[in-house]
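Each ligand, and each atom within it, is numbered from 1 in the order the structure gives. In this text, all values refer to a predicted model and were calculated from it rather than measured experimentally.
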Amino acid sequence: MTRDPIADLRRIAFLLERANEATYRVRAFRSAASALAALPAAEVAQRARAGKLTELAGVGDVTARCVAESLAGEEPVYLRRLLATEGTDLDAEASRLRAALRGDCHTHSDWSDGGSPIEEMALAAVELGHEYLVLTDHSPRLKVARGLTADRLRRQLDHVAQLNEALPEGFRILTGIEVDILADGSLDQAEELLARLDVVVGSVHSGLNDDRAKMTRRMLTAVANPHLDILGHCTGRMVSSRPAGVTGPGDRGHRARTRPESDFDADAVFAACVEHRTAVEINSRPERQDPPKRLIRRALEAGCLFAIDTDAHAPGQLDWQRFGCERAARCGVPADRVINTWTAEDLIAWTTP
Ligand SMILES: [Zn+2]
Ligand SMILES: [Zn+2]
């Protein structure tokens with residue numbers, strides 16, 4: 001079947017507009033459509049074959065990919081995703097997703113850079129109706145965030161075991177860490193401890209400007225590590241300054257500034273996540289919104305699992321899952337692909353190699 005790539009681009013723009021997506025995103029598809037409409041169809045096809053579409057002003061990686069798929073007679077993945085969510089009430093879909101979540105896999109306490117004791121975080125999670133809260137304080141190298149040494153983490157594990165005795169039936173704190181992915185892709189904590197923890201979130205917090213090849217290698221190494229369960233805020237971007245009302249010691253390390261996405265081969269990293277059973281985090285923090293929706297769609301298409309987490313540094317922030325659910329719903333992420341819709345038992349069975 002032959003398809004008209006320009007019509008596909010315009011259709012995508014229309015659906016994005018109707019879904020009230022950001023103007024710049026719509027414009028990317030409209031300008032690409034105009035740029036291609038100005039050329040003979042044969043030239044468009046020839047440029048697509050040679051991988052030279054992006055040399056045209058107004059055509060970027062995402063739009064060029066759509067054109068290539070379209071010319072190959074396939075419905076562009078981007079369009080397919082938009083059509084899959086079309087006509088669904090996104091608010092209702094986001095609410096359903098939120099209601100399906102049983103816990104949160106990325107949270108901090110005052111043991112690292114959070115603002116509240118573990119117990120207060122846990123009680124807030126109980127209030128929200130969660131069945132579990134994974135405590136993921138930072139690892140040693142993140143000194144600005146008072147990352148836990150191996151000894152402090154061991155003490156925290158004992159403390160959590162005690163707290164769990166006293167918490168309400170049907171709720172538990174699961175042990176975990178947000179471990180730094182170091183420059184060589186290794187994880188910043190003793191192997192024996194990583195093996196002992198229920199859930200390991202791994203994030204890049206340093207060298208975010210590494211070049212594409214280095215960052216890709218770094219992430220691939222981390223994802224292949226059998227202890228890594230969730231790849232945290234994978235692009236490291238900051239889209240806005242700290243939201244209003246979020247101040248104080250609870251947010252050291254989340255300073256007010258914007259930061260571009262790290263550059264890495266997302267398709268390679270997501271394929272590795274599928275192969276090594278590592279979930280991709282959808283970070284709900286308003287200033288992060290990481291990964292961006294285009295990458296959530298790519299990860300979904302690749303077959304990845306997700307974790308919709310708050311990265312809460314204070315009890316009230318545990319309610320931010322709603323933001324992640326909205327973004328996931330817009331990308332058509334189904335509940336059964338989200339690991340924190342699972343019970344604690346299923347989650348632990350999955351994280352245990
Ligand atoms: Zn982090
Ligand atoms: Zn965090």
For the Zn ion (ligand 1), give me the closest N/O/S atom belonging to [X], just the atom name.
X: His233; value: NE2
X: His205; value: NE2
X: Glu178; value: OE2

Check the hydrophobic clustering (I, L, V, M, F, W, Y; side-chain heavy atoms under 4.5 Å; chains of links allowed) and say if Val26 and Leu15 are grouped together.
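Yes; Leu15 is reachable from Val26 via cluster members.
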
N, O or S atom of His108 closer to the Zn ion (ligand 2) than 2.8 Å
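Looking at His108, which is the residue asked about, there is an N, O or S atom under 2.8 Å from the Zn ion (ligand 2).
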
Could you tell me whether the Zn ion (ligand 2) has an N, O or S atom of His106 under 2.8 Å away?
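It does; at least one qualifying atom falls short of 2.8 Å.
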
Judged by atom type as modelled, is there a donor-acceptor pair below 3.5 Å linking the side chain of Arg102 to the main-chain atoms of Tyr132?
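Not confirmed, Arg102 side chain does not pair with Tyr132 backbone.
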
Does the His138 side chain pair with the main chain of Asp113, one donor and one acceptor, at a distance under 3.5 Å?
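Flag not set: sc His138 to bb Asp113 has no pair under 3.5 Å.
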
So, of the N/O/S atoms that Asp311 has, which is the nearest one to the Zn ion (ligand 2)?
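Of all N, O or S atoms in Asp311, the Zn ion (ligand 2) lies closest to OD1.
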
Separation of Arg297 CZ from Arg81 CZ (nearest 0.5 Å)
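That separation rounds to 9.5 Å.
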
Acceptor/donor pairs from residues 31-44 side chains to any protein atom, 3.5 angstrom cut, sequence neighbours excluded:
from	atom 1	to	atom 2	distance (Å)
Ser31	OG	Arg27	O	2.4
Ser34	OG	Arg30	O	3.0
Glu43	OE2	Arg47	NE	3.0

